[in-house]
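Notes to accompany the following structure.
Labels below follow one simple rule: chain letters A, B, ... track the order of the sequence lines, proteins then strands, and each chain is numbered from 1. Being a predicted model, the structure only gives us computed values, none of them experimental.
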Protein chains: 2
Amino acid sequence: MEVVILMAGTQGLRERKKAATRQAVHDAAMRLTIERGIDNVTIDEITEAAGISRRSFSNYFTGKEDALLYADGQQMRALLAAIHDRPAGESAWTAMRAVVATMADRDEHTVSEWAIRTRLALTHPGLLAVQLGNHAALERDLAAVVAERDGVGPVRAHVLATAFLASVRIAMRLWVQDGQPGRPGEVIERVLDEMERPFDGH
Amino acid sequence: MEVVILMAGTQGLRERKKAATRQAVHDAAMRLTIERGIDNVTIDEITEAAGISRRSFSNYFTGKEDALLYADGQQMRALLAAIHDRPAGESAWTAMRAVVATMADRDEHTVSEWAIRTRLALTHPGLLAVQLGNHAALERDLAAVVAERDGVGPVRAHVLATAFLASVRIAMRLWVQDGQPGRPGEVIERVLDEMERPFDGH
DNA sequence: AGGCATACTTGCCACATAGGCATTTTTGCC
DNA sequence: GGCAAAAATGCCTATGTGGCAAGTATGCCT
């Protein structure tokens, strides 16, 4: 394999290389998909661009969709960790709101790729399905964090986690549908406000 | 094709036959999946059991998952129609609650197959993904119904539709995870109550 | 440094799936 | 019965999925 920049970290070389390969495959998938559209990209082309064998692709991802949504998972896991690390006094809902507000407007590149993935999911049902499946898995973890923080049961925790994640999804969809006006964090907060209002308007 | 019972309805023979074939394929897929597990069933086997050609399967469904979740879509569309037909005075949230409460405890067979599909989705990520994708599509329609009824904007409508559908999903998951104790409608109502409580416990 | 165990990569392979296209069959209607 | 539209089927190619075994890199120990 080509020499790549490997950030020295807490892990050994093997782990770092795996992470780098994963990222490289994801990047290749994103680039090719942006260039030609998702349906005009084969796994073979992605692996060629990323410099690994066709067979190895299957060791990293189960399909194109997974590869494209890799960054999504990374982002979500970062969100989770940030929520976990909020001051202990805060309620889960406050913690989640606080994190997403600051996080959604991070660096330009992350946000723009996020927008691209959201737009892709909007027109490609298969990609949306995989993304929602991933989010369902993450919901468990978020619910666990919520349960621990608020000291509530699993049902309440899942409801909170679901309401929060669904709000973020709705907000991102709106944001890209309207042509990404302003900061995405703004839209997320607006949707979260909407979610907090009583559902039954009498 | 074998002679099948075709309910006389508002449509012509052609439409009824298509519907019957769809149902037959779905039934075959369910039966075989229950017998052997989803991974040990091929499309070829489903088509053979349903009495159609392999090629025709693709004219009806895009894959095994779609075929299995056909009844899910039917059920959801019935839910939508029932919500639409509620008295005009009711708020959307009240209408949705009213419909789901009566509908979830309908006939034994429908509920039991619903449980089976939910359990399948619980262990088979691919099926869950397709289901969530379908629900996302249905969310648009539900949001439209909500918007019309409550006279609210698209954002509010989507929030309400999402909160409702997510509650139903959470409830069904809980219900099957706990071994289907009592009526599913009970669990749904409990989760909806939970969803109505303020998210931020101060 | 050398050597061993483990984990990762790859090639080969058989099988399942997706869907275009042309042909045949069925249906709706006169 | 006869005709046009719609649906079903067969054929075919491209693509995806994942088991298995052989080769290669890495981590670790001495």
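Look at B/Y60 and you won't find any side-chain N or O under 4.0 angstrom from OP1 or OP2 of D/dA7. When the side-chain nitrogen and oxygen atoms of A/S53 are compared with OP1 and OP2 of C/dT9, none of them lie within a distance under 4.0 Å.
Note on A/K18 versus A/E15: no salt bridge recorded, every NZ/NE/NH1/NH2 to OD/OE distance being 4.0 Å or above.
Within the helix from C/dA1-D/dT30 to C/dC30-D/dG1, the inter-axis angle between the opening and closing five-pair segments is 30°, rounded to 10°.
Annotation: side-chain hydrogen bond (donor to acceptor under 3.5 Å, both in side chains) contacts involving residues 142-151 of chain A, sequence neighbours excluded, are absent. Pairs of residues two or more places apart, or lying in two chains, never qualify as ring-ring contact (aromatic ring centres under 6.0 Å, His included) while including a residue from residues 136-163 of chain B.
With D/dT9, C/dT9, C/dC8 as the candidates, the nucleotide lying closest to the side chain of B/N59 is D/dT9.
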(message) Strictly under 4.0 angstrom, non-hydrogen atoms only: write out the protein contact profile of nucleotides 22-30 of chain C, one letter per nucleotide from the 5' end, B, S or -.
(response) ----BBS--
(request) List the protein contact pattern of nucleotides 15-21 of chain C with one symbol per nucleotide (5' to 3'): B for base contact, S for sugar-phosphate-only contact, - for none; contact means a heavy-atom distance under 4.0 Å. (result) -SSB-BB
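Atom OG1 of B/T42 and atom NZ of B/K64 lie 7.5 Å apart (nearest 0.5 Å). To the nearest 0.5 Å, the span separating CD on B/E45 from CG on B/N40 amounts to 8.5 Å. To the nearest 0.5 Å, atom CD1 of residue B/I34 and atom CD1 of residue B/I116 are 4.0 Å apart.
Contacts between residues 129-137 of chain B and DNA chain D, defined by a heavy-atom separation below 4.0 Å, involve no residue at all.
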Throw together a table of side-chain donor-acceptor distances under 3.5 angstrom for residues 183-193 of chain A, partners on residues two or more places apart or in other chains.
{"unit_1": "A/R183", "atom_1": "NH1", "unit_2": "A/D105", "atom_2": "OD2", "d": "2.2"}
{"unit_1": "A/D193", "atom_1": "OD1", "unit_2": "A/R97", "atom_2": "NH1", "d": "3.0"}
{"unit_1": "A/D193", "atom_1": "OD1", "unit_2": "A/R97", "atom_2": "NH2", "d": "3.0"}

Under 3.5 Å, which donor-acceptor pairs link side chains of residues 69-79 of chain B to any protein atom two or more places apart or in another chain?
{"unit_1": "B/Y70", "atom_1": "OH", "unit_2": "B/Q74", "atom_2": "NE2", "d": "3.2"}
{"unit_1": "B/D72", "atom_1": "OD1", "unit_2": "B/R117", "atom_2": "NE", "d": "3.2"}
{"unit_1": "B/D72", "atom_1": "OD1", "unit_2": "B/R117", "atom_2": "NH2", "d": "3.4"}
{"unit_1": "B/D72", "atom_1": "OD2", "unit_2": "B/Q131", "atom_2": "NE2", "d": "3.4"}
{"unit_1": "B/D72", "atom_1": "OD2", "unit_2": "B/H135", "atom_2": "NE2", "d": "3.2"}
{"unit_1": "B/Q75", "atom_1": "OE1", "unit_2": "B/R117", "atom_2": "NH2", "d": "2.8"}
{"unit_1": "B/R77", "atom_1": "NE", "unit_2": "B/G73", "atom_2": "O", "d": "3.4"}

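Taking atom CD on B/E48 and atom C1' on D/dT9, their separation rounds to 16 Å, with Å as the unit. Distance, A/I46 CD1 to D/dT15 C1': 12 Å, rounded to whole Å.
With sequence neighbours left out, the side-chain contact (heavy atoms from CB on, under 4.5 Å) criterion links A/R119 to A/A115, A/Q180. Taking the side-chain contact (heavy atoms from CB on, under 4.5 Å) definition, one finds that A/E35 meets it with A/R31, A/L32, sequence neighbours left out. Legend: residues meeting side-chain contact (heavy atoms from CB on, under 4.5 Å) with A/F199, ordered by chain and number and at least two apart, are A/M195, B/W93, B/R156, B/V159, B/L160, B/A163, B/M195, B/E196, B/F199. Listed by chain and number, the residues in a side-chain contact (heavy atoms from CB on, under 4.5 Å) with B/V145 are B/L80, B/I83, B/H84 (sequence neighbours excluded).
A donor-acceptor contact shorter than 3.5 Å links the side chain of A/R22 to the backbone of A/Y60.
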